[in-house]
Amino acid sequence: MCGRFSLFSSFEDIIQAFDVEKMINEDEYTKTYNIAPTQNIISIINDGHMNRMGYLSWGLIPNWSKDPKIRTKMINARSETVDEKPSFRESFKRRRCLIPMDSFFEWQQTSSSKQPFRIKMKNDQLFAVAGLWDTWSSSTGERVNSCTMLTTSPNELMSSLHHRMPVILPQNEYETWLNPREQNTQVLRSLLVPYPASDMEAYAVSTSVNSVKNNEQSLIQKLI
């Protein structure tokens with residue numbers, strides 16, 4: 001599972017990392033240290049011609065759904081069955097996205113509580129998680145563009161923290177994942193594997209991250 005993450009890279013770095021040609025205005029972007037489900041999150045899609053950066057609501061609402069509240073159960077999608085589940089099948093074929101982040105958080109169960117950990121790249125590089133998106137319309141004409149993050153089995157680093165981890169894609173696979181014309185299930189599923197643990201690190205952080213009300217740089221600092 002992936003239920004919290006951070007994105008505080010510069011606007012320019014995001015554009016360069018994902019070869020974005022069409023984007024939101026820079027003043028619409030806010031650095032965030034504690035992003036939670038149902039919030040609007042920076043995402044990258046390809047419209048068949050170019051990469052576009054904008055906001056999607058975290059928690060997928062399938063276009064056929066009658067109840068938008070389903071989104072709270074759709075923040076993650078299991079990569080092993082993503083091409084079979086009705087909620088994700090069509091999006092997996094042609095509505096894929098990248099979700100940029102600097103790190104994500106996971107909670108390790110201790111004897112008495114849960115200790116939050118921050119997981120990031122050793123070189124502090126911005127990275128992307130594989131996602132799916134969809135557009136839902138209400139009977140009154142309201143439109144919601146939403147997304148979910150794909151998860152997979154944990155690598156060696158993550159296995160001590162949780163039984164799942166987000167699907168982190170290497171940069172050389174961004175183009176394949178975003179390309180709406182790529183619909184070969186075998187090709188797409190081959191990308192949904194655990195990211196190498198040797199490139200990642202994890203460390204304990206303050207339990208202040210438990211509250212979505214907290215959103216300060218101190219949340220990503222290592223506990224002494």
Side-chain angles (χ1 to χ4, degrees), residues 1-11 13-14 24 26-44 53-61 67-78 97-122 124-133 136 144-152 154-155 157-168 195 200-224:
M1 176 171 181
C2 182
R4 297 285 181 83
F5 68 98
S6 65
L7 178 62
F8 50 85
S9 288
S10 71
F11 189 76
D13 285 348
I14 297 172
I24 58 173
E26 186 172 359
D27 59 7
E28 296 179 68
Y29 169 63
T30 303
K31 297 180 180 181
T32 313
Y33 297 94
N34 192 10
I35 303 171
T38 74
Q39 294 180 353
N40 290 330
I41 61 176
I42 289 289
S43 306
I44 313 296
M53 181 177 82
Y55 280 103
L56 295 173
S57 179
W58 185 11
L60 189 79
I61 310 173
D67 186 0
K69 293 179 182 177
I70 194 175
R71 63 189 297 183
T72 60
K73 301 178 181 179
M74 299 286 192
I75 65 168
N76 291 157
R78 292 178 64 90
C97 62
L98 293 172
I99 300 169
M101 57 183 73
D102 296 292
S103 63
F104 61 94
F105 300 97
E106 194 52 77
W107 281 256
Q108 183 183 59
Q109 182 67 58
T110 66
S111 58
S112 59
S113 62
K114 288 186 176 182
Q115 172 61 53
F117 279 76
R118 181 185 182 223
I119 301 96
K120 67 179 189 68
M121 295 297 157
K122 285 182 178 177
D124 294 318
Q125 184 175 340
L126 178 69
F127 59 95
V129 168
L132 309 176
W133 68 276
W136 175 84
V144 179
N145 297 314
S146 61
C147 66
T148 187
M149 295 184 192
L150 271 63
T151 66
T152 186
N155 59 24
L157 175 72
M158 288 298 301
S159 60
S160 64
L161 301 175
H162 201 273
H163 64 281
R164 303 291 292 175
M165 69 175 290
V167 174
I168 300 171
Y195 196 81
M200 303 172 67
E201 65 176 326
Y203 57 78
V205 294
S206 168
T207 54
S208 294
V209 75
N210 294 353
S211 173
V212 296
K213 295 179 180 179
N214 297 324
N215 184 26
E216 302 85 29
Q217 189 172 1
S218 60
L219 298 179
I220 64 172
Q221 293 178 354
K222 185 183 298 186
L223 285 184
I224 299 175

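The first residue in the sequence is number 1, and the count goes up from there. This is a predicted model, so every value here is computed, not measured.
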request  = Apply side chain to side chain contact (heavy atoms under 4.5 Å, CB included) to Ile35 and Met101, showing your working.
outcome  = CA-CA 10 Å; Ile35 303 171; Met101 57 183 73; over 6 Å; no

Residues Ser10, Asp13; criterion side chain to side chain donor-acceptor pair (under 3.5 Å); working and verdict = CA-CA 5 Å; Ser10 71; Asp13 285 348; 3.2 Å; yes

request  = Would you sort out whether Gln115 and Leu223 count as a side chain to side chain contact (heavy atoms under 4.5 Å, CB included), showing the intermediate values?
outcome  = CA-CA 11 Å; Gln115 172 61 53; Leu223 285 184; 3.7 Å; yes

request  = Decide yes or no on side chain to side chain donor-acceptor pair (under 3.5 Å) for Ser9 and Asp102, but give the supporting numbers first.
outcome  = CA-CA 7 Å; Ser9 288; Asp102 296 292; 2.5 Å; yes

ask   = Would Leu56 and Asn145 satisfy side chain to side chain contact (heavy atoms under 4.5 Å, CB included), going step by step from the backbone distance to the final call?
value = CA-CA 5 Å; Leu56 295 173; Asn145 297 314; 3.5 Å; yes

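Looking at every heavy atom in both residues, Pro116 comes nearest to Ser206 through CG-O, 3.5 Å. Between Ile99 and Ser43, the shortest heavy-atom distance links the atoms CG1-OG, 4.3 Å. Annotation for Tyr195 and Asn155: closest pair O-ND2, 2.7 Å, computed over non-hydrogen atoms. Closest of all the heavy-atom pairs between Arg4 and Val209 is NH1-O, 2.5 Å. For Ile119 against Ala202, the heavy-atom pair with the smallest separation is CG1-CB, 3.9 Å.
Of the possible polar contacts, one joining the Thr32 side chain to the Thr30 backbone as a donor-acceptor pair under 3.5 Å is found. Looking at Asn40, its side chain never comes within 3.5 Å of a backbone N or O of Tyr55 through a donor-acceptor pair. Panel note: side chain Thr148, backbone Ile75; a donor-acceptor pair is recorded below 3.5 Å. Of the possible donor and acceptor atoms, one in the side chain of Ser146 sits under 3.5 Å from a partner among the backbone N and O of Ile61. Panel note: side chain Thr72, backbone Lys69; a donor-acceptor pair is recorded below 3.5 Å.
A ring pair (Phe, Tyr, Trp, His ring centres under 6.0 Å) with Phe5 is found for one member of Trp58, Phe105, Phe104 and no other, namely Trp58. Checking Gln217, Glu216, Lys222 one by one against Ile220, the side chain to side chain contact (heavy atoms under 4.5 Å, CB included) holds for a single residue, Gln217.
More than 12 heavy atoms of other residues, nucleotides or ligands lie within 6.0 Å of CD in Gln108, so this atom counts as buried by the packing criterion.
Taking the six-membered ring for Trp and thresholds of 30 and 60 degrees, Tyr33 and Phe8 have nearly parallel ring planes, at less than 30 degrees apart.
Side-chain contact between Pro154 and Leu161: absent, with no pair of heavy atoms (C-beta onward) separated by less than 4.5 Å. Annotation: side chain of Leu7 is not in contact with side chain of Ile41 (no heavy-atom distance under 4.5 Å). Using a 4.5 Å cut-off on side-chain heavy atoms (C-beta onward), Leu219 and Val205 make no contact.
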